[in-house]
Asker: 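Have a look at this one before I ask anything.
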Amino acid sequence: MPELPEVETVANGVNGRIRGEVIESVWLSRYREPFKTSPKAMAEALTGTRIERVHRVGKHIVFDLYRPGNPPSSLQWIVHLGMTGRLLVSAAGVPVPQHTHAILHLSSGRELRFVDARRFGRLRLHRPAESQEEFQGPGREPLTIPVTDFAVLFRRRRTSIKAALLNQSLLHGVGNIYADESLFRAGIRPTRMAARLSRERLARLHSSLQSVLREAIRLGGSSVSDYVDADGAAGFFQLEHRVYMRTGEPCLVCQTPIRRTVIGGRGTHYCPLCQS
DNA sequence: AATGAAACCTGACAGC
DNA sequence: TGCTGTCAGGTTTCAT
């Protein structure tokens, strides 16, 4: 499931492969779920633009697009991978996979394809001219938020720290894997009420979260389910998971069996001895 | 306003 | 073999 490190890996991969290319034509599927902007408006807006840069904001992949003309204009194409979304750069002759919802035909002759079996992914346009600013995402960036701001996010939150970490309007980019892994590394029980964590424990969580995210980015993300990068290659961080999907297996620190519970409808994994 | 549960989806897998 | 039921979880929607 794509979270911050997986989305960053995909965005960087796509950026390196197709930055500078012109979108010559666009094909979009007839399903309605993937499109938060109408397919007609999206295809018209994308066609003829040049891809200036592709980068990540939270779990969103942002395409900065430039339209030449008099006057020239700019806009952003926002891609959210949902659970099973993929962005693939392919040669034109490569067979189009099932569940393909968008094909951007590029000036090099290659294609950028958005493929998403479950249709939880979303595509939309963002126009800086209309909204006065570039796409920002719903919350704060986990990798750059200062520790004091981080602590403020959880003040007076009477929900569990796990649910708060998953709340995208607070921090964006953290999903189920990295919530569980960062809480284990910080020694915090996922069920603990966010508001009751001490400043010291929140500082430790801030540090654990940033280091686990950076390490996962370095390893190309976690390939569980069917996540792959823009080349179709898997990541390696799943080999570093200490609690996620290790229910019943011994804790790597104390040998106690890892326990599983459900928080906010999400499978939640923790060590009952190491996390208090 | 904040919180939690349900709904949206398909593929993988277990059990029979 | 093939069927049925369950589970996975990011986001949105709805109810409390």
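Worth saying up front: this structure is predicted, and the values here are computed from it rather than measured. Here is how names work: the chains are called A, B, and so on, in the same order as the sequence lines, proteins then strands, and each is numbered from 1.
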Asker: Please name all residues satisfying side chain to side chain contact (heavy atoms under 4.5 Å, CB included) with A:D64, sequence neighbours left out, ordered by chain then number.
Answerer: A:E52, A:R53, A:H55, A:V62, A:Q76
Asker: Round to the nearest Å and state the distance from A:M83 atom CE to C:dT11 atom P.
Answerer: 10 Å
Asker: With respect to the side chain of A:H99, which nucleotide from C:dA8, B:dG11, C:dG10 is positioned closest?
Answerer: B:dG11
Asker: Which whole number of Å gives the distance between the P atom of C:dT6 and that of B:dA6?
Answerer: 15 Å
Asker: Between B:dC9, B:dT3, C:dC7, which nucleotide has the shortest distance from any of its atoms to the side chain of A:T159?
Answerer: B:dT3
Asker: Would you say C:dG10 has OP1 or OP2 under 4.0 Å from some side-chain N or O of A:H80?
Answerer: no
Asker: Among A:R17, A:E21, A:E24, which residue satisfies the side chain to side chain donor-acceptor pair (under 3.5 Å) criterion with A:S108?
Answerer: A:E21
Asker: Rounded to the Å, how far apart are A:L165 CG and C:dT11 C1'?
Answerer: 17 Å
Asker: Answer yes or no: are there more than 12 heavy-atom neighbours, outside A:Q98 itself, under 6.0 Å from its atom CD?
Answerer: no
Asker: Can you sort out the partners of A:A216 under side chain to side chain contact (heavy atoms under 4.5 Å, CB included), two or more places apart, ordered by chain and number?
Answerer: A:P5, A:Y178, A:F237
Asker: If I take atom CZ in residue A:R86 and atom P in nucleotide B:dT10, what distance separates them, rounded to the nearest angstrom?
Answerer: 16 Å
Asker: Check the distance between B:dA1's C1' and A:L170's CG and give it to me in whole angstrom.
Answerer: 13 Å
Asker: Can we say A:D149 and A:R140 salt-bridge, meaning some charged N sits less than 4.0 Å from an Asp/Glu carboxylate O?
Answerer: yes
Asker: Using atom CG of A:L81 as one end and atom C1' of B:dC9 as the other, report the distance to the nearest whole Å.
Answerer: 16 Å
Asker: Linking Ile, Leu, Val, Met, Phe, Trp and Tyr through side-chain heavy atoms less than 4.5 Å apart, which residues share a cluster with A:I258?
Answerer: A:F184, A:V243, A:V253
Asker: Rounded to whole Å, please give me the gap between OH in A:Y244 and P in C:dA8.
Answerer: 8 Å
Asker: Just grab all the salt bridge (charged side-chain N to carboxylate O under 4.0 Å, His left out) pairs involving residues 196-220 of chain A, residues at least two apart or on different chains.
Answerer: A:E215-A:R218
Asker: Could you walk me through whether A:R86 and A:E6 satisfy the salt bridge (Lys or Arg N to Asp or Glu O under 4.0 Å) test, starting with their C-alpha distance in whole Å, then the side-chain angles of each, then the deciding distance to 0.1 Å, before giving a yes or no?
Answerer: CA-CA 10 Å; A:R86 301 180 179 193; A:E6 293 77 29; over 6 Å; no
Asker: Name all residues meeting the salt bridge (Lys or Arg N to Asp or Glu O under 4.0 Å) criterion together with A:E3; count only those two or more places apart in sequence or in a different chain, and write none if there are none.
Answerer: none
Asker: Determine the stems involving DNA chain C; a stem requires 3 or more consecutive pairs of the Watson-Crick or G-U wobble kind, each with both distances below 3.5 Å, and the answer is none if no such run exists.
Answerer: B:2-8 with C:10-16, B:10-16 with C:2-8
Asker: Under the rule for side chain to side chain donor-acceptor pair (under 3.5 Å), what residues qualify as partners of A:R119, not counting sequence neighbours?
Answerer: A:E33
Asker: Answer with yes or no whether the hydrophobic clustering places A:I51 together with A:I103; edges join I, L, V, M, F, W, Y residues whose side-chain heavy atoms lie under 4.5 Å apart.
Answerer: no
Asker: How close do A:A195 and A:R156 get, heavy atom to heavy atom, and via which atoms?
Answerer: CB-N, 3.7 Å
Asker: Per the atom types in the model, does the base of B:dA1 pair as donor or acceptor with the side chain of A:R158 at under 3.5 Å?
Answerer: no
Asker: Under 4.0 Å between any heavy atoms, over every strand shown, what does A:R260 touch: base, sugar-phosphate, or nothing? Just pick one.
Answerer: sugar-phosphate
Asker: Check if the side chain of A:R119 and the base of B:dC9 share a donor-acceptor pair of N or O atoms closer than 3.5 Å.
Answerer: no
Asker: Between A:A163 and A:Y31, which has a closest nucleotide on DNA chain B that is more 5'?
Answerer: A:A163
Asker: Using distance alone, with no hydrogens and no angle criterion, decide if A:E181 and A:H241 have a side-chain donor and acceptor under 3.5 Å apart.
Answerer: no
Asker: With rounding to whole Å, what would you report as the distance between B:dA12 and C:dT11 at their C1' atoms?
Answerer: 22 Å
Asker: Return the set of residues passing side chain to side chain contact (heavy atoms under 4.5 Å, CB included) with A:R260 (not counting sequence neighbours), or none when no residue passes.
Answerer: A:T247, A:V262, A:H269
Asker: Mind checking side chain to side chain contact (heavy atoms under 4.5 Å, CB included) for A:H206 and listing every partner two or more places apart, or none if nothing turns up?
Answerer: A:I145, A:V147, A:F150, A:Q210
Asker: Could you state the atom-to-atom distance from CZ of A:R118 to P of C:dG10 in whole Å?
Answerer: 10 Å
Asker: Any side-chain N or O of A:Q168 below 4.0 angstrom from OP1/OP2 of C:dT11?
Answerer: yes
Asker: Could you identify which residues of residues 264-271 of chain A place a heavy atom less than 4.0 Å from some atom of DNA chain C, listed by residue number, or say none?
Answerer: A:R266, A:G267
Asker: Protein-nucleotides 12-16 of chain C N/O pairs closer than 3.5 Å?
Answerer:
{"residue": "C:dT12", "atom": "OP1", "partner": "A:K36", "partner atom": "NZ", "Å": "3.3"}

Asker: Write down the distance between CG (A:L171) and C1' (C:dG10), rounded to a whole number of angstrom.
Answerer: 16 Å
Asker: Would you tabulate the pairs of protein nitrogen or oxygen atoms and nucleotide nitrogen or oxygen atoms of nucleotides 3-6 of chain C closer than 3.5 angstrom?
Answerer:
none

Asker: Closest approach to the side chain of A:R157, judged atom by atom: which nucleotide of C:dT11, B:dA2, B:dC9 is it?
Answerer: B:dA2
